Amino acid sequence: MEKIAQLRCVACATAYPRDTEHLTCPRCGLGGVLDIEYDYEHIRERGFGPEKLKNSPHRSLWRYLDLLPLPDDVALPSLEVGFTPIYPAPRLAERLGVSRLLIKDDTRQPTASFKDRASSVAVLKARSLGVSEIACASTGNAASSLAGWSAHLGLKAYIFVPASAPEAKVVQLRIFQSKVLLVEGSYDEAWDLCQTAAGVFGWYNRNAAVNPAMVEGKKTCGLEIAEQLGEKIPDWVSVSVGDGCTIAGIWKGLCEMKRFGFIPRLPRLLATQAKGANPIERAFLAGKEDIEPQPAQTLADSISVGHPRNSRKALKALRESAGKVVSVSDEEILGAIHELASTTGVFGEPAGVAGIAGIRRAREEGIIKEGESVLHVVTGNGLKDIQSAVRAANVPVHRVKGLSDVEAVVRGS
Ligand SMILES: *Cc1c(COP(=O)(O)O)cnc(C)c1O
Ligand SMILES: [Zn+2]
């Protein structure tokens, strides 16, 4: 794969050849996440650029195959993924006090979360390596996503989730026929167990923080934002943060598209964490490279991460983009579910909307200035966590029997 130059450890900067078998840096262990470095000159010579994309046959993330760690002749899956729409949200913008707000809707991915971007790349990667068994640990969405993509391609998936994962996400795992391992413990414990088991049983490891190909899948969101908006790229891009792979991936995608001339300037990143799970915010504010793990406590299960596995990449992206981190309470997150849904028609899960509460906070704290524009990525579908949505939907329903009851409701409104 000539488009890849080498892989580099984010901790010690050692470079490894493109065909390295290591997933993480052997010197640094799991802290040594590898980053795939491309030969952009080569990719340019192959013709990648605005003109080529305009003529792409794919209305999916496969339009960016030039920038993904997969062979050119890879057999692509037919399940649609990526190239999700971006909507203006003027009524919500007004409520949040920002001049222009855009919503990128990743709730409509095939398994209803952003994670399909990484899983779709993972299963193709596994298949191209001739592997038929794949594993991951997840708070829920990476799991249900990998389960769906494994079902699509006929791979066997071993999935480790905390026993507390929302029911809808566990149902997805079962309906897609994966091997579900419910771990009595936190996501952080599920992650450790999966890591060990993958080593023992020789499964292909989809854990986003240790598998460098995963961030490449996630970066397609940044590639899309740049291609779809071009010169209208907003001042800020907002996303909620757990392990940190999503924000790091989006940043990498945006940087690549700037390099290829799709956007004139780079936006700043706004990261939102839950107050009860904010190790990346703490490290960022303290100016530190390393996070201090903490017990995680938030109803936003997808970002309930006390020991983020990709904090280095996330912190680097935040610093490079002159970004900011804010944290919000569970109450604010519940409010944001309702606020986003009722003003845009997009129904997000708690982690998908935490950044909406984050935008309000950033505006109040003067981080987002008067007149600045923001795009928020809604990373997961609200139907994945009905329990939280029920708590958020504090709107009365009316029990009616006949027309007179209906009339009473109409007059009352
Ligand atoms: C995984 C996830 C995130 C956070 O991504 P990280 O890479 O863990 O930072 C945000 N929202 C949803 C819905 C997710 O599933
Ligand atoms: Zn290293």
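Owing to the predicted nature of the structure, the values given are computational and were not obtained by experimental measurement. Every heavy atom of this structure was used, including side-chain atoms; hydrogens, water molecules and symmetry mates were not. When a ligand or atom number is given, it counts from 1 through the structure's own listing order.
Shown in contact with E349 at under 4.0 Å from a heavy atom are these atoms of ligand 1, numbered in order with element: 13 (C). Taking a cut-off of under 4.0 Å to the non-hydrogen atoms of T379, the atoms of ligand 1 that pass are 10 (C), 11 (N), 12 (C), 13 (C). Which parts of ligand 1 touch G242 is read off a 4.0 Å heavy-atom cut-off, strictly below it: atoms 4 (C), 6 (P), 8 (O), 9 (O). Ligand 1 places these atoms under 4.0 Å from at least one heavy atom of V241: 9 (O). Listed by atom number, the atoms of ligand 1 under 4.0 Å from G380 heavy atoms are 13 (C). Those atoms of ligand 1 that come under 4.0 Å of a heavy atom in K115, given as number and element, are 1 (C), 2 (C), 3 (C), 5 (O), 14 (C), 15 (O).
For K232, the NZ atom is loosely surrounded, since the number of other residues' heavy atoms within 6.0 Å does not exceed 12.
With a 4.0 Å cut-off on non-hydrogen atoms, N141 touches ligand 1 through its side chain and not its backbone. When non-hydrogen atoms are compared, ligand 1 lies under 4.0 Å from the backbone of C245 as well as from its side chain.
Closest to atom 8 (O) of ligand 1, if we only count protein heavy atoms, is D243 N, 2.8 Å. When only non-hydrogen protein atoms are considered, atom 5 (O) of ligand 1 lies nearest to T246 OG1, 2.7 Å.
Ranked by closest heavy atom to atom 9 (O) of ligand 1, the top entry among A314, S144, G244 is G244.
Looking at heavy atoms from C-beta onward, V377 lies in side-chain contact with C221 at the 4.5 angstrom threshold.
With the Zn ion (ligand 2) as the vertex, atom SG of C25 and atom SG of C28 span an angle of 110° (nearest 10 degrees).
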Exercise. Can E37 and R18 be said to form a salt bridge (Lys or Arg N to Asp or Glu O under 4.0 Å), step by step?
Worked result: CA-CA 9 Å; E37 295 183 346; R18 60 181 170 227; over 6 Å; no
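Aromatic ring pairs are classed by plane angle as parallel below 30°, tilted from 30° to 60° and perpendicular above 60°; the pair W203 and F160 is tilted.
The shortest N or O to N or O distance between S113 and ligand 1 is not under 3.5 Å.
D72 and R46 are joined by a salt bridge, as a carboxylate oxygen and a charged side-chain nitrogen come within less than 4.0 angstrom of each other. With salt bridges taken as basic N to acidic carboxylate O contacts below 4.0 Å, one links R361 and E332. Ionic pairing of E94 and R91 is not present here: no N-O contact between side-chain nitrogen and carboxylate oxygen is shorter than 4.0 angstrom.
Shown here for I333 and A274, the closest heavy-atom pair between the two residues is CD1-CB, 4.4 Å. Nearest heavy-atom pair, S99 versus G371, reported as atom, atom and distance to 0.1 Å: OG-O, 3.1 Å. Closest non-hydrogen pair, G230 versus P264, comes out as O-CD, 4.0 Å.
Residue-ligand proximity: K218 is placed with a non-hydrogen atom under 4.0 Å from ligand 1. Judged by the shortest distance from any of its heavy atoms, S240 lies inside the 4.0 Å radius around the atoms of ligand 1.
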